[in-house]
Each structure stands twice: as structure tokens, then as C-alpha cells.
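A quick write-up on the structure given underneath.
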There are 2 protein chains.
Amino acid sequence: MSTTAEQAVGPDRKGAATRAAILDHAVDLASVEGLEGLTIGRLAADLKMSKSGLFAHFGSKQDLQLATVAAAAERFRAVVVEPALAAPRGAPRLRAMVEGYFDHIELYSGGCFWGATSAEYDDRPGPVRDAIAAALDAWLAALAGNARDAGVADPDRFAFEVYAVVMAANARFRLSGDRRVFDYARDVLARLTAELPA
Amino acid sequence: MSTTAEQAVGPDRKGAATRAAILDHAVDLASVEGLEGLTIGRLAADLKMSKSGLFAHFGSKQDLQLATVAAAAERFRAVVVEPALAAPRGAPRLRAMVEGYFDHIELYSGGCFWGATSAEYDDRPGPVRDAIAAALDAWLAALAGNARDAGVADPDRFAFEVYAVVMAANARFRLSGDRRVFDYARDVLARLTAELPA
DNA sequence: CCTACCGATCGGTAGG
DNA sequence: CCTACCGATCGGTAGG
């Protein structure tokens with residue numbers, strides 16, 4: 001019985017690989033153009049597929065957008081949150097998350113997917129907005145959980161402040177090119193964790 | 001010699017008034033849909049004009065976008081920056097600017113124009129991006145100037161932190177509805193100004 | 001995964 | 001400020 005590479009992979013797996021490649025590029029494209037600017041035609045042209053061939057992987061534009069948000073959330077978890085779990089709980093892990101965030105906006109030249117899409121959808125009720133909101137809530141909850149571990153008195157407030165300076169650093173860097181903002185954000189975290197117990 | 005109201009106003013003034021009405025709605029629309037979602041057809045339908053009648057006030061879509069950014073900058077100056085000049089220089093004026101910012105995002109239901117458009121254009125080089133960047137630079141410079149008046153050691157850093165929590169409050173409120181973020185932002189400003197000289 | 005379409009809407013123009 | 005258009009592109013479908 002012959003098993004070529006393609007047979008061993010199988011048609012289902014090949015379809016899944018194509019879908020993953022589409023979504024990987026969709027996250028990059030949406031980080032630059034937004035989720036509305038993410039058009040099926042543009043995506044298909046970039047990937048050298050026909051529009052309908054690409055579209056067959058998704059039932060609708062909205063399904064493509066939802067799958068793109070899910071792929072972006074998974075990427076964020078894998079690149080920013082997961083590696084930080086190697087650092088000790090509390091302040092060191094918070095620093096690791098902030099550094100992971102800065103690394104990931106350097107790694108993906110389109111910048112932060114959430115910075116590009118959250119303002120775009122805050123006025124468009126529906127499942128796409130809900131998925132974006134849930135992903136950002138999860139990021140704030142991760143920050144707050146570690147703040148609690150670090151002995152912070154008001155973890156929600158703390159998480160808001162870290163979120164604010166980190167997202168603002170992304171926004172300001174992209175618009176003005178000023179790199180000082182990364183140190184400003186690091187220093188805010190240092191100040192917020194300076195007088196913690198233990 | 002008869003002077004009806006329309007004759008007294010004159011054709012130039014009437015054209016200018018129409019243009020101002022278009023731009024006022026354009027700023028509202030772009031605060032919700034972004035500057036790409038701001039389409040000539042949608043704008044004309046809302047204002048019960050023909051597309052070409054509206055388009056005649058501008059030479060191109062880009063000119064409409066640039067005029068909309070200028071109108072938004074003027075509105076921001078009039079509603080947020082100008083009224084704060086009534087407060088004494090330094091910390092009181094900084095508080096007045098932050099409160100003016102919060103008032104203006106309550107006043108215009110679409111939220112902050114700059115929050116909706118700055119991330120949209122940070123990856124699209126051209127005059128529209130440049131105009132947005134200049135307006136945000138002016139806002140940061142206004143904050144930094146007042147910080148300097150208040151005796152802050154590093155005004156640029158200070159301005160970044162205030163900008164960060166104020167924009168993040170807008171973003172979080174629009175996405176999660178959590179009103180605590182406004183007090184978080186106010187408290188950051190209070191903390192930053194608490195130990196200033198004089 | 002493809003070719004070949006569809007109606008709707010985009011920015012923009014001609015001519016008045 | 002209007003009607004009547006234009007080519008291009010949008011999301012989506014038929015049929016294979």
C-alpha cells in the first residue's frame with residue numbers, strides 16, 4: 001500500500017492546513033487594514049487562490065471575521081501569555097507579559113491586532129464585537145489575576161493601568177515612531193509594583 | 001431694494017453652511033464607522049442630498065477625509081482644550097482638560113473621533129494619516145505644556161501617561177460599559193500631580 | 001478547489 | 001445642487 005506524503009496527510013488535513021494558512025494571513029491583514037478592510041478578494045489574491053475557493057472555507061464574511069478573531073486570540077495567547085507563565089507568579093510574570101506584548105508587536109509588523117480592531121467594532125453590535133470584547137476581557141483578567149497574586153490591593157484598577165500604557169505605547173509608536181513610550185510603559189509597571197508586599 | 005433672508009445670506013454663505021453641516025455629520029459618522037466607513041453615499045443619504053451634490057463640495061474622497069479631520073480637530077479644540085483655559089495653569093487646567101475629554105465623549109454618542117480613526121490610519125501613509133498624527137501630537141503637546149507649567153519633571157512622560165489612561169478609559173467604556181475606568185483615569189492624574197511643587 | 005456569474009455599492013464624471 | 005451615468009470591487013451563488 002503506497003502512502004505518498006499527500007495521501008498520508010489526507011484531504012481533511014490538507015483542507016485544515018489551507019484554512020490555517022488563510023487565517024494566519026487574515027490576522028496579519030486585519031492588523032493593518034482592520035476587519036472591514038479584510039476583503040475576501042484581497043485575501044484570495046495574496047494567497048493566489050480564487051475568491052470562491054477561499055470563500056468555501058467559510059460560510060460568510062462574518063464567519064471569516066469570527067475565525068480571524070479566534071486565530072488572533074490563539075496567537076496572542078501563544079506569543080504573549082503562555083511564555084510568561086515560565087516566570088514566577090506576581091510581579092515577574094507581569095513584567096514578562098508586558099515584555100511579551102512588546103515583543104509581539106515588533107514580531108508582527110502590522111502591530112497589535114486588538115489595537116487595530118477593537119475601536120473599529122465597539123459601535124457594531126454582533127458576534128464579531130462580542131468575540132473581540134471577550135478576548136480583551138481575557139487579557140485584562142490575566143493581568144488582574146497576576147496583580148492579585150502579586151498582592152495588589154485593587155487588581156482591576158491595576159490591570160486597567162497596565163493595559164492603558166501598553167496599548168497606548170503601541171498606538172503612539174505606530175503613529176509617531178517615538179520609542180520612548182516603551183520605557184514609559186515599563187516604568188509605570190515598575191512604579192505600580194515597587195511597593196508591593198513580599 | 002429687496003433683501004430676503006436668502007439674499008442677505010448670499011450664495012457663498014449658504015454653500016459654506018451646507019459644507020459645515022456635511023462636515024459636522026461627517027465627524028459624527030467617522031467617529032462610529034471610521035474614515036473608510038465614511039462613504040459619500042451614506043453621508044448624502046443621511047443629509048438627504050444627492051451623492052454628486054455633496055461630492056461637489058470636495059474634490060475627492062481624500063479631500064472629504066482631510067476636511068473631516070480638520071473639523072474634528074476644531075471641535076476637539078473648542079469642546080476640550082478651549083474651555084480648560086478658564087482654569088488656572090498647571091494641575092487645575094490638566095484636570096479641566098481630562099474632565100472636558102470625558103464630557104465630550106458623553107456628548108457625542110459616537111465616542112472619541114481620534115480613538116476611532118488613529119488606529120485605522122497608522123498603517124496608511126498619506127496626508128490623512130499625517131493630519132491625524134498632527135492633531136494627536138497637538139493634544140499631547142497641550143498636556144505636556146500644562147504639565148511643565150505644573151512643575152512636572154518629565155512633561156512628555158507625564159503627557160503620555162495621561163493620554164494613555166484617558167484614551168483607554170474611552171476604549172474600555174465603549175467595549176465593556178465599565179464606568180469605573182473614568183475614576184481610574186482621574187485617580188492616575190491625581191496621583192501624578194499629588195506631590196508637585198507649589 | 002475552479003470559472004463564471006449576480007445585484008449592490010464604491011468613488012468619481014458628464015452635463016446641466 | 002441635480003439626473004444619469006461609468007468601471008471597479010464588494011459579498012455571495014451556481015454548477016462543476
Side-chain angles (χ1 to χ4, degrees), chain A residues 4-7 9-26 29-30 32-69 117 120-121 124 126-129, chain B residues 4-7 9-26 29-30 32-69 117 120-121 124 126-129:
Chain A
T4 69
E6 193 157 315
Q7 280 172 334
V9 167
D12 288 359
R13 269 225 190 148
K14 192 185 173 195
T18 302
R19 192 186 142 101
I22 293 169
L23 289 175
D24 200 57
H25 190 62
L29 209 51
V32 172
E33 309 281 353
L35 278 166
E36 290 297 305
L38 175 73
T39 69
I40 295 162
R42 169 74 187 278
L43 201 49
D46 287 357
L47 294 166
K48 292 172 169 75
M49 293 175 66
S50 67
K51 264 174 56 179
S52 65
L54 187 148
F55 193 68
H57 285 274
F58 311 91
S60 66
K61 172 82 184 274
Q62 182 172 282
D63 279 1
L64 167 63
Q65 290 171 324
L66 287 169
T68 303
V69 173
T117 60
E120 188 183 11
Y121 272 82
R124 301 180 198 243
V128 177
R129 193 203 118 108
Chain B
T4 68
E6 192 157 316
Q7 279 172 334
V9 168
D12 288 0
R13 269 223 190 148
K14 193 185 172 193
T18 301
R19 191 186 142 101
I22 292 169
L23 290 176
D24 200 57
H25 189 61
L29 209 51
V32 172
E33 309 281 353
L35 277 166
E36 290 297 303
L38 176 73
T39 68
I40 295 162
R42 168 75 188 277
L43 201 49
D46 286 358
L47 294 166
K48 292 170 170 77
M49 292 174 65
S50 67
K51 263 174 56 179
S52 65
L54 187 149
F55 193 68
H57 286 274
F58 311 92
S60 66
K61 172 80 184 274
Q62 183 172 280
D63 279 1
L64 168 63
Q65 290 171 324
L66 287 170
T68 302
V69 173
T117 60
E120 187 183 11
Y121 272 83
R124 301 178 197 248
V128 177
R129 192 203 119 107

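Note on naming: letters A, B, ... go to the chains in the order of the sequence lines (proteins, then strands), and numbering restarts at 1 for each one. Here the structure is a predicted model, which means the values were calculated and not measured.
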If you measure from OG on B/Ser60 to CD1 on B/Ile40, what distance do you get to the nearest 0.5 Å?
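Spacing of OG (B/Ser60) from CD1 (B/Ile40) equals 8.0 Å.
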Given [options], which nucleotide is nearest the side-chain atoms of [X]?
| X | options | answer |
| --- | --- | --- |
| A/Lys51 | C/dG12, C/dC1, D/dC10 | D/dC10 |
| A/Ile40 | D/dG12, D/dC2, C/dG12 | D/dG12 |
| A/Phe55 | C/dT13, D/dG12, D/dC1 | D/dG12 |
| A/Ser60 | C/dC1, D/dG12, D/dC2 | D/dG12 |

So does [Y] get a backbone contact from the side chain of [X], meaning a donor-acceptor N/O pair under 3.5 Å?
| X | Y | value |
| --- | --- | --- |
| A/Lys51 | A/Ala45 | no |
| A/Lys61 | A/Phe55 | no |
| A/Arg124 | A/Glu120 | yes |
| A/Gln65 | A/Leu35 | yes |

G-U wobble or Watson-Crick pairing nucleotide for D/dG16 (cut-off 3.5 Å, both distances)
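Across any shown strand, D/dG16 pairs with C/dC1.
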Using purine N1 to pyrimidine N3 plus N6-O4 or O6-N4 for Watson-Crick, or N1-O2 and O6-N3 for G-U wobble, each under 3.5 Å, what pairs with C/dC10?
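Looking at the geometry, C/dC10 pairs with D/dG7.
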Just how far, in rounded Å, is [atom2] of [N] from [atom1] of [X]?
| X | N | atom1 | atom2 | result |
| --- | --- | --- | --- | --- |
| A/Leu38 | D/dT9 | CG | C1' | 15 Å |
| B/His57 | C/dG12 | NE2 | P | 16 Å |
| A/Arg19 | C/dC1 | CZ | P | 12 Å |
| B/Leu64 | C/dC10 | CG | P | 13 Å |
| A/Gln62 | D/dG12 | CD | P | 9 Å |
| A/Lys61 | D/dT13 | NZ | C1' | 17 Å |
| B/Leu54 | C/dG12 | CG | C1' | 13 Å |
| B/Leu43 | C/dG11 | CG | P | 10 Å |

Please work out if A/Thr39 contacts a base, only the sugar-phosphate, or nothing of the nucleic acid, heavy-atom cut-off 4.0 Å.
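Sugar-phosphate, no base atom in range.
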May I ask you to say what B/Ser52 touches in the nucleic acid, namely base, sugar-phosphate or nothing, with a heavy-atom cut-off under 4.0 Å?
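Base contact.
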D/dC1 OP1/OP2 closer than 4.0 Å to side-chain N/O of B/Thr18:
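Yes.
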